[in-house]
Amino acid sequence: MQQPDGAPIEIDLSRPSAARVYDYFLGGAHNFEVDRQLADQIAAMTPNLPATMRAGREFLRRAVRVLLDAGIDQFLDIGSGIPTVGNVHEVAQAANPQARVVYVDIDPVAVAHSRQLLAGNESTGVIHADLRDPQRILAETRALHLLDFDRPLGILLAGVVHFVPDADRPGDILATLRAAAAPGSHLVISHSTFEDQPQEMLDAQRLSARTSTEITLRSRAEITSFFGDWTILEPGVVHMELWRPDSPSDVAADAQRFGAFGAVARNDDVAG
Amino acid sequence: MSAVGAPGGRAVDPAGAHNYATEWAQAVRRLGFVPMSAADTERLLLSYTLRLAEALLHADEVAPVAAEVGQALVEAHLTEPDMIEWSVRSLADRLPDQVLGGSTGLDDRIAVAQGALAAGFARALRDRTFAQQERIARSAWQARDDVERALRDSEARFRAVFRGAAIGIGIADVDGQIIDVNQPFADMLGYSIEEMRQLNVTALFHHDDAPGMWELYGELIEGKHESARVEKRYYRKDGTSVWTDLAVSLIRHDDGRPRFTIAVAEDITQRYELQRRLRFQALHDPLTELPNRTLFFETLSRLLSASGRVGVCFLDLDGFKAINDSLGHDVGDRLLMTIARRLAGCVAEYGYLVARMGGDEFVILVDGDAGVDNMIAVAELALTAVSAPVFIDDHQLMVSASVGIVASDLVGTSAAELMKAADTTLYWAKAEGRGRWAVYDPERSARDIARSTLLAGLPVALDRDEFVLHYQPIVSLLDGRMLAVEALVRWQHPELGLIGPDRFIGLAEETGLIVRLGEWVLRQACRDARRWHVDFPEARLVVSVNLAARQADAPVIVDTVADALSSSGLPAELLQLELTESAVMGSGGEPLRTLYRLAELGVRLAVDDFGTGYSNLAYLRRLPITCLKLAAPFVEGIRGDEPDAADHRDERIVDALVRLAHALELWVTAEAVETEPQAERLRALRCDSAQGRLFGPPAPAAAISTRLAGG
Ligand SMILES: C[S@@+](CC[C@H](N)C(=O)[O-])C[C@H]1O[C@@H](n2cnc3c(N)ncnc32)[C@H](O)[C@@H]1O
């Protein structure tokens with residue numbers, strides 16, 4: 001549905017969209033029949049998946065809180081999806097009303113939706129762009145004059161890097177984004193993995209090809225490499241549920257069931 | 001107020017409420033997605049617990065409060081069906097016991113609260129769902145609108161460009177079928193838009209299309225190129241042609257398959273014509289409109305590098321300057337125009353290029369059959385065309401021309417060389433008179449060139465001491481003694497090496513340089529002879545020096561000879577001067593006066609090449625001559641080895657000449673004696689002395705010294 005330059009050439013509402021399927025799993029009604037059908041199919045094959053989605057959202061919320069506590073007050077949320085509930089700007093602005101957030105997504109419907117929802121919120125911006133073109137994301141973000149690239153920035157890549165196949169060189173994309181961030185910046189990534197996973201997870205991954213994009217599962221090492229030379233915060237690259245849970249009771253014995261790693265790193269480069 | 005109406009005077013137990021909220025929070029977090037931390041969830045649910053508990057104690061508040069809580073649950077996004085189920089059931093099963101100390105007497109209110117909570121929840125959820133559905137649909141349409149507007153905008157922009165452009169734009173599918181063109185394109189080719197839409201681009205082939213143009217188009221529609229740019233000529237509907245600057249771009253399907261081509265064409269006919277006119281002007285002579293020398297040389301070079309075999313007739317009018325001077329430039333110009341027309345006409349059918357090289361010079365470039373016969377035929381055609389009378393005003397002019405003919409196979413493939421040869425050949429033709437042609441002769445040209453090289457070098461050579469003398473022995477046929485040596489001049493040319501006198505004496509005579517050269521020879525020979533006389537006095541070796549007619553003719557020769565003798569110290573009787581018969585006779589037909597004065601000096605005089613001129617024997621008898629040298633042809637006729645008729649005739653002549661000489665009391669020397677049998681015969685005929693290869697070739701002075709020394 002996308003031309004290489006990022007301009008949509010048509011919107012096909014008869015195909016499910018990752019953003020709307022995700023919204024449905026989170027209990028939202030920002031979705032259509034096709035999205036719900038696919039979501040139900042996925043859920044039927046992998047009963048864990050709705051919980052995985054929720055776990056991803058919860059990881060993001062916890063990570064944002066950690067960043068806020070570290071003094072980060074500006075966020076670049078790439079692959080933001082349809083902000084159903086617990087959006088980054090809600091979490092951030094609840095803690096710091098001055099916090100600024102720029103949302104980026106490839107899905108034109110998600111972007112249009114975000115714009116509607118955020119109309120009138122002066123501290124947020126929405127960009128329609130492709131993660132695979134990080135230069136453009138950076139340029140458009142700068143053009144909004146919302147974020148100050150000379151100050152620490154929170155870059156959020158929750159549940160999105162796995163949509164970028166190896167052929168599109170995700171390592172280079174991450175390097176470009178990291179290079180644009182001032183010292184003290186934080187990078188948040190959650191990413192699906194095949195490590196510790198049963199077969200049905202891998203089958204579901206194949207099914208997700210029916211949304212616009214296919215998912216590439218990656219190893220812990222690969223995901224770790226996306227942080228480059230930044231300092232990975234405790235507890236490292238771990239199954240999402242294990243990343244700084246609200247309470248020990250939130251952690252189930254089978255934390256690996258969600259099939260996704262989460263981690264946060266900080267740019268400790270003094271020279272930069 | 002709180003206790004009023006509370007059944008049994010019950011009150012809310014804070015600790016119980018706390019416990020209830022904790023369980024509730026754990027339940028919802030277990031049952032579905034909660035976008036809050038555990039603590040926040042518990043805090044939120046504690047407030048609901050307290051409100052519900054208070055409401056159950058006041059009959060009139062139960063329904064509205066429970067409904068509000070139901071709505072608040074939706075707002076907090078606690079919307080999972082399992083969550084509401086837990087919340088509704090626990091309102092009856094747990095809350096009264098845990099928070100209110102039991103349900104006794106509250107059953108009706110609890111049922112009301114359950115109903116109101118569920119209704120409030122359902123109403124809020126329905127509203128939220130409607131709102132979200134509405135929002136997502138609006139977003140979808142908005143997004144679709146954005147995209148469509150972008151498409152419409154770009155389509156509109158394209159349409160605007162397409163319709164409004166001054167330039168021709170056309171779209172065709174990959175089969176070449178034209179789908180649409182704009183008005184300027186249709187106008188350019190003289191069709192209506194409708195007619196153009198019926199055409200296939202292959203119908204727009206033009207025989208002038210550059211090679212490879214259609215292959216390029218084929219590769220374009222196969223997707224091998226994105227675009228191509230060419231200069232293309234089109235036939236208009238009316239058959240005339242139009243030149244365009246054409247750019248064709250490929251439009252692909254989403255999956256990359258070629259879909260359309262878009263052609264953008266600009267009419268450059270005028271620019272092209274202008275260029276052509278400018279080029280014509282640059283390459284043609286304005287007076288005659290014939291190709292000029294630039295175009296001629298361009299064409300010549302191209303043909304030479306292509307085939308290599310071309311011919312040129314280089315033509316120049318005879319006496320044109322006289323016509324120009326006497327009748328004026330206007331008549332001269334009109335004559336040239338007429339001649340130009342005739343020349344172009346006479347070879348028009350062969351397609352030969354006729355160019356004006358400037359002034360009254362024209363050239364016909366024969367390509368194809370450049371054989372000599374055809375070239376001569378062309379030259380004669382041209383001469384005939386020129387020779388017909390030309391009428392200008394009331395003048396009748398008879399003109400002729402000369403033609404130099406050159407074919408490239410004789411000269412090589414350099415245009416400059418070819419034209420230089422043509423120029424030389426034209427000069428030969430002119431030298432032979434008017435109305436002639438001449439064919440280039442490489443040997444003659446080489447001679448001409450050598451001649452002029454030598455001619456140019458002669459005067460300097462004398463100053464630079466480039467001449468040397470060689471001496472050829474003259475021996476007695478009686479006893480074989482060397483009686484004399486003939487001085488023969490050689491030119492030690494810095495580039496050409498040692499050159500014999502036959503190649504430069506003629507030139508020296510033509511230019512008059514012979515006088516200075518002759519004097520040098522004389523003085524040098526005297527010096528050498530004096531040396532031999534000093535070294536070998538008893539040899540009494542005579543040195544024999546040739547005097548050219550021009551030298552002998554000049555009265556100063558006597559002083560020169562006298563001075564050569566005195567300054568060298570050579571006794572006069574050891575110097576012999578050789579003159580040809582004609583030199584002896586002088587230009588006046590009478591013998592030279594100077595001979596007597598030379599003879600008075602005491603030098604010996606010999607007649608060279610005797611028998612080849614017309615000697616007046618009467619004079620011969622009275623002249624102070626001491627020797628006759630028999631011309632080489634008579635001597636060559638005497639072979640001695642196989643006597644035949646010819647030998648006999650030459651022998652008889654030699655015999656007669658020897659007798660004649662002896663009768664006149666003259667010595668006889670035979671020249672060019674090559675063999676012993678020849679020498680034998682000459683001896684038998686009583687010839688006195690001889691010279692020739694048999695007795696030694698011309699050699700440097702040192703070699704003669706050696707021979708005198710007995711070497
Ligand atoms: C699973 S959702 C994640 C939403 C949100 N970040 C979260 O973690 O709750 C993935 C989102 O990434 C977007 N996405 C997928 N590929 C993308 C790409 N190449 N560039 C930008 N966004 C992309 C999808 O449209 C979708 O909205």
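Proteins come first, then strands; the chains are lettered A, B, ... in the order of their sequence lines, and each starts at number 1. Atoms considered below: every heavy atom in the structure, side chains included; atoms not considered: hydrogens, waters and symmetry mates.
Minimum interatomic distance between Gln133(B) and Asn31(A) (heavy atoms only, all atoms of both residues): NE2-O, 2.6 Å. Heavy atoms only, all atoms of each residue included: Pro108(A) and Ala143(B) are closest at O-CB, 3.5 Å. When all heavy atoms of Ala137(B) and Phe32(A) are compared, the closest pair comes out as CA-CZ, 3.9 Å.
Not counting sequence neighbours, Tyr48(B) has no partner by the ring-ring contact (aromatic ring centres under 6.0 Å, His included) test.
Considering only heavy atoms from C-beta on, Arg144(B) stays 4.5 Å or farther from Val109(A) through its side chain. In this structure the side chain of Phe33(B) reaches within 4.5 angstrom of the side chain of Glu58(A), judged on heavy atoms. Proximity of Arg61(A) to Ser37(B): side-chain heavy atoms (C-beta onward) are separated by under 4.5 Å at one or more points.
With a threshold of 4.5 angstrom between heavy atoms, Arg20(A) approaches chain B through side-chain atoms but not through N, CA, C or O. Arg30(B) does not touch chain A: none of its heavy atoms, backbone or side chain, sits under 4.5 Å away.
No hydrogens or angles considered: a donor-acceptor pair under 3.5 Å links the side chains of Arg138(B) and Gln116(A).
Summarising the local packing, CZ of Phe130(B) is surrounded by 12 or fewer heavy atoms from other residues, nucleotides or ligands at distances under 6.0 Å. For Arg65(A), the CZ atom sits in a loose shell: 12 or fewer heavy atoms of surrounding residues, nucleotides or ligands are nearer than 6.0 Å. At most 12 heavy atoms of other shown residues, nucleotides or ligands fall within 6.0 angstrom of atom CZ in Arg229(B).
Note that OG of Ser139(B) is 8.5 Å distant from CG of Leu117(A), once rounded to the nearest 0.5 Å. Once rounded to the nearest 0.5 Å, the distance linking CG of Asp246(A) with OG1 of Thr41(B) reads 8.0 Å. Within the model, atoms NE2 of His30(A) and CD of Glu134(B) stand 10.0 Å from one another, a figure rounded to the nearest 0.5 Å.
Ranked by non-hydrogen atom pairs under 4.5 Å with chain A, the options Ala39(B), Gly32(B), Ala131(B) are led by Gly32(B).
Residue pairs meeting the side chain to side chain donor-acceptor pair (under 3.5 Å) criterion with at least one member in residues 168-177 of chain B: none, sequence neighbours excluded.
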